[in-house]
Number of protein chains: 2
Amino acid sequence: MQRPRTRAPGVATVADVAREAGVSRATVSRVINDSPLVTPQTKDLVQDAIRRTGFVVNARGRALAIGRAETVGVLITEPLDELFEDPTYARILRGVTEGLSGSGTLPVIFQASTEAERALALRSFDRKAVDAVIHLTPYRDPELLDALAGTGLPVVLCGQVENGAAPDPRFSSIYADDVAGARLAATHLAESGRDRIAAVLGPLDNPATTDRLQGFRDVLGPRLPSERVLFTGWDTSAGIRATQTLLELFPEVDAILAGSDRIAVGAIAVLNAQGRAVPSDVAIIGFDDHPIAASAVPALTTIAQPLQRQGELAAHTALQMIAGQSPTVSELDMRLVVRASG
Amino acid sequence: MQRPRTRAPGVATVADVAREAGVSRATVSRVINDSPLVTPQTKDLVQDAIRRTGFVVNARGRALAIGRAETVGVLITEPLDELFEDPTYARILRGVTEGLSGSGTLPVIFQASTEAERALALRSFDRKAVDAVIHLTPYRDPELLDALAGTGLPVVLCGQVENGAAPDPRFSSIYADDVAGARLAATHLAESGRDRIAAVLGPLDNPATTDRLQGFRDVLGPRLPSERVLFTGWDTSAGIRATQTLLELFPEVDAILAGSDRIAVGAIAVLNAQGRAVPSDVAIIGFDDHPIAASAVPALTTIAQPLQRQGELAAHTALQMIAGQSPTVSELDMRLVVRASG
DNA sequence: CTGTTAGCGCATTCAA
DNA sequence: TTGAATGCGCTAACAG
């Protein structure tokens with residue numbers, strides 16, 4: 001039954017190598033995992049045999065034997081379109097890859113935008129097809145989090161934490177403090193003497209939005225009344241629409257705190273179209289340090305998240321949890337990047 | 001050694017379930033894989049025991065036993081920037097997921113933009129961590145293709161084939177015929193009576209570019225002389241620059257065949273800026289049916305690739321190859337989508 | 001229809 | 001330092 005059809009020629013196993021080298025399978029295994037308990041000459045012997053037979057360790061056999069798949073699942077539940085438009089995930093992913101490199105553990109991406117995909121990914125996790133999960137988009141979704149906790153796998157939440165909420169003790173989390181970042185932006189604007197400040201934020205139901213708003217308010221208090229706070233989508237066209245509305249409601253505005261760099265770019269476009277100069281008439285601060293921030297005209301002052309660093313930390317944390325460590329919480333600092341726009 | 005620390009309580013195995021239900025492990029296995037050879041009552045018995053013990057099949061043990069990981073690797077080597085700006089991959093991926101759904105096999109994404117990532121992914125494949133590979137970006141890279149062939153896994157190339165080149169017999173391939181698509185575009189333009197036609201294509205070193213150019217020439221022949229064919233990048237700003245150049249070289253132009261929808265959008269912007277109306281003064285046809293094609297003003301006439309269908313077919317092909325079928329080649333039709341621009 | 005038995009490919013304990 | 005023996009968790013051929 002094992003091997004229903006004839007074995008493909010050339011898929012050598014440790015047994016084949018052992019025979020070829022005239023040693024035991026245990027010795028071959030030791031060489032593979034370069035154990036110090038092997039004589040240089042037997043080691044050479046085995047390595048020669050490995051070369052001759054074209055042997056490659058079989059991941060499935062190894063996984064069963066060592067009790068690990070040497071794989072971490074990177075879960076992305078974000079809708080595809082957003083994912084493929086927003087370099088945020090690309091950068092975090094790069095960090096994860098770096099952080100895992102050298103560990104012998106491979107990051108493997110689980111795209112789970114739909115309910116069905118989510119179910120499949122969870123099934124894999126339940127079955128222990130990976131050793132840990134790094135969740136890149138842990139937006140409020142208690143059911144998913146419960147399901148993840150239910151897998152019994154180490155889980156690292158990366159990049160989001162609702163401010164105020166105590167971190168979930170079931171998971172590790174890595175996040176940058178949106179509230180503190182927003183404070184940086186608001187402080188910068190306030191110190192520059194602007195006082196007719198408005199905010200154009202992302203979707204109200206997104207924790208990043210509420211956190212950023214709170215940061216703005218921490219600094220500005222009554223100088224940022226509710227009627228000057230607009231909520232819209234994350235992208236440029238949403239920024240355009242919202243800014244048009246804003247200028248009707250509050251034409252005296254001399255500074256705009258944007259919820260994202262793309263929103264900020266939309267705001268600049270509208271202001272320019274209406275003959276208002278940025279930053280002399282209206283200062284603008286973005287958020288995220290998206291690539292367009294540097295190339296925008298004028299270049300955007302913005303708040304940078306250490307995305308790649310987040311990914312690296314998430315990877316390290318996952319590895320430590322696989323090794324038995326308890327969940328930890330890491331908070332990273334946001335950074336104000338001053339450019340021309342405000 | 002197996003189980004170095006105490007076993008986490010609650011990770012039940014078939015043996016536990018068997019004991020709990022008072023049957024053999026084989027019977028438990030039969031229930032899990034719902035074999036018809038089990039009495040309804042024993043089945044209930046076992047399912048109860050499964051519920052009580054919280055048993056979940058372990059993917060590693062199962063993979064070793066059945067000789068498959070029940071996983072296909074989706075390889076993406078595209079540089080991140082392009083990848084995250086182009087919804088193409090998102091759509092193909094959606095198709096792959098659909099095509100695999102119900103098969104019990106899960107798509108798992110291997111992001112391999114860098115050389116190091118590529119090496120890691122290949123190592124996984126060599127080790128048979130997946131049952132097949134769907135390569136979404138098989139641009140000319142003979143070394144990578146050789147490496148993939150070397151894994152001995154079934155491989156499906158999706159979405160690219162150099163025209164003229166015989167399909168590589170080592171792999172299955174799924175592709176849409178760029179040449180035929182380009183012919184559709186050129187024919188549509190020629191039939192509308194335009195005759196001062198120019199083309200603004202993507203990078204010359206990209207097979208899609210040369211294929212599309214060939215399709216244009218198949219139809220237009222000498223009516224599309226080389227001096228009216230420009231090559232640039234894939235995106236809007238590249239389209240803007242190239243169109244400006246084009247208008248200097250060939251101001252009489254009355255129709256533009258664009259190598260991508262983003263290029264076409266750039267062209268429209270330049271033409272509008274110069275006071276030329278689209279399509280009355282200059283007709284434009286894009287390529288790809290990118291989301292911006294429908295929302296552009298005027299909406300773009302373009303050539304649609306059946307991306308999702310490509311993904312589905314790739315998935316089906318991969319499953320068939322896993323089942324032992326030889327490589328196949330599938331060509332899908334492009335479709336002319338007529339909108340306002342030409 | 002069910003249980004017994006064996007083995008997938010590897011890592012590791014124990015004894016030599 | 002090496003080999004023999006054992007088991008990871010599961011499936012499947014075989015016998016009953």
Side-chain angles (χ1 to χ4, degrees), chain A residues 1-8 10-19 21-46 49-50 53-70 104 126-129 131, chain B residues 1-8 10-19 21-46 49-50 53-70 104 126-129 131:
Chain A
M1 45 110 250
Q2 294 80 2
R3 210 171 302 151
R5 68 201 73 198
T6 53
R7 172 204 286 220
V11 271
T13 70
V14 275
D16 299 322
V17 177
R19 200 176 314 115
V23 300
S24 73
R25 297 180 307 165
T27 301
V28 174
S29 177
R30 291 194 186 97
V31 172
I32 293 169
N33 298 287
D34 45 31
S35 150
L37 310 171
V38 197
T39 311
Q41 45 257 42
T42 43
K43 186 167 176 177
D44 285 353
L45 213 64
V46 172
I50 288 179
T53 54
F55 169 83
V56 181
V57 193
N58 179 299
R60 298 190 287 258
R62 179 176 166 90
L64 186 56
I66 68 177
R68 284 176 291 119
E70 301 184 294
D126 272 330
R127 294 179 167 202
K128 307 285 187 294
D131 302 328
Chain B
M1 41 110 245
Q2 295 80 4
R3 209 172 301 150
R5 68 201 74 200
T6 53
R7 173 202 286 221
V11 271
T13 71
V14 276
D16 298 323
V17 177
R19 200 176 315 114
V23 300
S24 73
R25 295 180 309 164
T27 299
V28 174
S29 177
R30 290 192 187 99
V31 172
I32 292 168
N33 298 287
D34 44 30
S35 150
L37 309 171
V38 198
T39 311
Q41 46 256 41
T42 42
K43 187 166 175 176
D44 285 353
L45 213 64
V46 172
I50 288 179
T53 54
F55 169 82
V56 180
V57 193
N58 179 300
R60 299 191 286 258
R62 179 177 166 90
L64 187 56
I66 69 176
R68 285 176 291 119
E70 300 183 295
D126 271 331
R127 294 180 167 201
K128 306 286 186 296
D131 302 328

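All values derive from a computational prediction rather than experimental measurement. In what follows, chains are A, B, ... by sequence order, proteins preceding strands, each numbered from 1.
- When rounded to the nearest whole Å, the span between CD1 of A/Ile66 and P of C/dC10 equals 12 Å.
- Of all nucleotides listed (C/dT12, D/dT2, D/dT11), D/dT11 comes nearest to the side chain of B/Ala65.
- Summarising the geometry, the separation between CG on B/Asp34 and P on C/dC1 is reported as 15 Å, rounded to the nearest angstrom.
- The shortest side-chain heavy-atom distance between B/Lys43 and B/Asp34 falls under the 4.5 Å cut-off.
- Two residues are said to be in side-chain contact when any heavy atoms from C-beta on lie closer than 4.5 Å; B/Val14 and B/Phe55 meet this criterion.
- Within the 4.0 angstrom heavy-atom criterion, no nucleotide atom of any strand lies near A/Arg60.
- In this structure, the CD1 atom of B/Ile32 is 9 Å from the C1' atom of D/dT11, given to the nearest Å.
- The phosphate of D/dG9 (OP1 or OP2) has no side-chain N or O of B/Thr13 nearer than 4.0 angstrom.
- For the pair A/Arg127 CZ and D/dC8 P, the interatomic distance rounds to 20 Å; values are reported in whole Å.
- Of the residues in residues 38-45 of chain B, not one places a heavy atom less than 4.0 Å from an atom of DNA chain D.
- Taking atom CD of A/Glu70 as the reference point, atom P of D/dC8 lies 19 Å away to the nearest angstrom.
- A/Asp131 is linked by a salt bridge (charged side-chain N to carboxylate O under 4.0 Å, His left out) to B/Arg60, counting only residues two or more places apart in sequence or in another chain.
- For the atom pair CG of A/Asn58 and CG of B/Leu64, the computed distance is 7.0 Å after rounding to the nearest 0.5 Å.
- A/Val28 comes within contact range of no nucleotide atom at all, as no heavy-atom separation falls under 4.0 Å.
- Here the side chain of B/Thr39 pairs no donor or acceptor atom with the backbone of B/Thr42 at under 3.5 angstrom.
- In this structure, of D/dA4, C/dC10, D/dA13, it is D/dA4 that holds the atom nearest to the side chain of A/Ser24.
- Atom-to-atom, CG of B/Leu37 to P of C/dT2 comes out at 9 Å; the value is rounded to the nearest Å.
- Picking from D/dG9, D/dC10, D/dG3 the nucleotide with the shortest atom distance to the side chain of A/Leu64 gives D/dG9.
- The base of C/dT13 sits within donor-acceptor range of the side chain of A/Arg30, with an N or O pair under 3.5 Å.
- The side chain to side chain donor-acceptor pair (under 3.5 Å) check on B/Arg62 picks up B/Asn33, B/Glu70, with sequence neighbours excluded.
- In this structure A/Ser35 satisfies the side chain to side chain donor-acceptor pair (under 3.5 Å) test with no other residue, sequence neighbours excluded.
- Between the CZ atom of B/Arg25 and the P atom of D/dC8 there is a distance of 9 Å, rounded to whole Å.
- C/dG9 atom C1' lies 15 Å from atom CG of B/Asn58, rounded to whole Å.
- Annotation: the terminal axes of the helix from C/dC1-D/dG16 to C/dA16-D/dT1 meet at 40°, where each axis is the rotation carrying the C1' atoms of four end pairs onto the next four (5 pairs per end, rounded to 10°).
- Under the side-chain contact (heavy atoms from CB on, under 4.5 Å) criterion, B/Ala59 pairs with A/Arg127, A/Ala129, not counting sequence neighbours.
- The distance from atom CD1 of A/Ile32 to atom CD1 of A/Ile50, rounded to the nearest 0.5 Å, is 5.5 Å.
- Scored by the side-chain contact (heavy atoms from CB on, under 4.5 Å) test, B/Ala21 finds B/Val23, B/Val46, B/Ala49 as partners (sequence neighbours excluded).
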